[in-house]
Amino acid sequence: MENILIAVENRIATITINRPSKLNALNKATIAELSQAIDDVENNQEVRVVILTGSGEKAFVAGADISEFADFSPEQGKELARLGQESLFDKVENCSKPIIAAVNGFALGGGLELAMAAHFRIASDNARVGLPEVSLGVIPGYGGTQRLPQLIGKGRAMEMIMTAGMIDAAMAHSYGLVNHVVTSEELIPTCEKIAGKIMKNSPVAIGAAIDAVNAGYVDGINGYQTEIDCFGESFGTDDFKEGTTAFLEKRKAQF
Ligand code: COA
């Protein structure tokens with residue numbers, strides 16, 4: 001991997017987008033490597049939680065790499081968005097292991113879209129986020145027009161997209177776009193602390209909960225029905241046996 005770093009420690013995989021000289025902008029190669037990294041953590045039995053962050057102190061990701069698509073045709077543009085969504089952004093959202101975006105600076109365009117595809121977001125107090133695409137004459141193409149209104153409501157999303165402006169960490173927090181705002185030094189430790197709480201719980205149940213929550217946002221799928229199915233399937237798992245037995249035996253469950 002040339003553009004990302006992966007470290008696995010204490011069952012947490014930290015994936016760092018590592019192009020600081022370009023503010024970690026997502027070029028084609030970085031998207032392909034991230035896609036591979038998500039497959040790797042999904043298949044790595046040792047990994048229970050994933051933290052996704054950017055290298056350096058300035059940026060999480062400052063967007064898709066503008067230099068790569070400046071001369072694209074409409075067909076190439078469509079393909080760029082389709083490939084990105086299918087190969088990476090949807091994969092992040094549907095990963096069975098929790099993915100926490102540690103937003104350590106600018107998260108713009110594809111950067112904010114990547115953070116929004118993650119299961120939730122923690123920001124450092126210097127973070128600034130936005131979808132500036134219309135200032136370039138395009139629109140968000142990696143799910144931003146869909147996930148931003150889901151997370152903050154249609155009116156606020158419309159304003160952010162139409163103004164192409166950035167909001168600071170405090171406003172992102174007040175919008176519910178990020179769950180917590182902490183200092184830069186505390187960012188990764190805070191994510192690790194939350195990961196620690198997650199890891200006490202059943203990974204199988206967490207994967208099923210991710211499926212059920214996501215199902216509510218997919219056209220043509222009844223999220224309540226998915227919940228019923230996933231709930232029922234839980235009863236056939238070893239984790240359910242361990243969780244309920246541990247409760248009845250007044251001990252901590254070992255998942
Ligand atoms: N694509 C390609 N390169 C990018 C980039 C992007 N999205 N964002 C930043 N870079 C590059 C810059 O071109 C510059 O490279 P260079 O040193 O080779 O010229 C380097 O990263 C540093 O960026 P710079 O603009 O000098 O930093 P800054 O602190 O002055 O400004 C931003 C920071 C984030 C405000 C500014 O980089 C920016 O507006 N980036 C584009 C954001 C955007 O529109 N993203 C959506 C894309 S769809």
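Both counts, for ligands and for their atoms, begin at 1 and track the order of listing.
Summary of contacts: the protein heavy atom closest to atom 2 (C) of ligand 1 is Asp65 OD1, 3.3 Å. The protein heavy atom nearest to atom 23 (O) of ligand 1 is Leu23 CD1, 3.6 Å. Protein heavy atom nearest atom 44 (O) of ligand 1, with residue, atom name and distance: Pro132 CG, 3.5 Å. Considering only non-hydrogen protein atoms, atom 35 (C) of ligand 1 sits nearest to Met166 CE, 4.0 Å. For atom 5 (C) of ligand 1, the closest heavy atom belonging to the protein is Ala25 CB, 4.0 Å.
Listed by chain and number, the residues in a side chain to side chain donor-acceptor pair (under 3.5 Å) with Glu159 amount to none (sequence neighbours excluded).
Checked against a 3.5 angstrom limit, the closest N/O atoms of Ala62 and ligand 1 fall inside it. Of the N or O atoms in Ala64, one or more lie within a sub-3.5 Å distance of an N or O in ligand 1. Taking any N or O of Ile66, backbone or side chain, at least one lies under 3.5 Å from an N or O belonging to ligand 1.
With hydrogens and angles ignored, the 3.5 Å screen pairs no side-chain donor or acceptor of Asn126 with any backbone N or O of Lys58. No donor-acceptor distance shorter than 3.5 angstrom exists from the side chain of Asn27 to the backbone of Asp65, with no hydrogens or angles considered. Between the side chain of Asp168 and the backbone N or O of Arg128, no donor-acceptor pair lies under 3.5 Å.
Atoms CG and CD, on Asp238 and Glu242 in that order, are 9.5 Å from each other to the nearest 0.5 Å.
Applying the salt bridge (Lys or Arg N to Asp or Glu O under 4.0 Å) test to pairs two or more places apart or on separate chains, none has a residue in residues 174-202.
Phe235 and Phe240 have tilted rings, their planes meeting at an angle from 30° to 60° on a 0 to 90° scale.
Within the 4.0 Å heavy-atom criterion, the part of Ser21 lying near ligand 1 is the backbone and not the side chain.
Heavy atoms only, all atoms of each residue included: Arg121 and Leu151 are closest at NH2-CD2, 3.4 Å. Across every non-hydrogen atom of Tyr142 and Leu80, the tightest pair is CE2-O, 3.5 Å.
Contact annotation for atom 26 (O) of ligand 1: protein absent (non-hydrogen atoms, distance under 4.0 Å). Inside a 4.0 Å radius of atom 30 (O) of ligand 1 there is not any protein heavy atom. Protein heavy atoms are absent from the 4.0 Å sphere centred on atom 19 (O) of ligand 1. Of the protein's heavy atoms, none falls inside 4.0 Å of atom 12 (C) of ligand 1. There is a protein heavy atom closer than 4.0 angstrom to atom 7 (N) of ligand 1.
Counting atoms of ligand 1 from 1 in the listed order, those under 4.0 Å from a heavy atom of Leu108 are 34 (C), 42 (C).
For Gly110, the heavy-atom gap to ligand 1 stays at 4.0 angstrom or more.
Of the candidates Arg19, Lys22, Lys58, Glu133, Lys22 brings a heavy atom nearest to atom 9 (C) of ligand 1.
Side chain to side chain, Thr226 and Asp229 fail the donor-acceptor criterion of an N or O pair below 3.5 Å.
A side chain to side chain contact (heavy atoms under 4.5 Å, CB included) with Val182 is found for one member of Thr190, Asp125, Ile188 and no other, namely Thr190.
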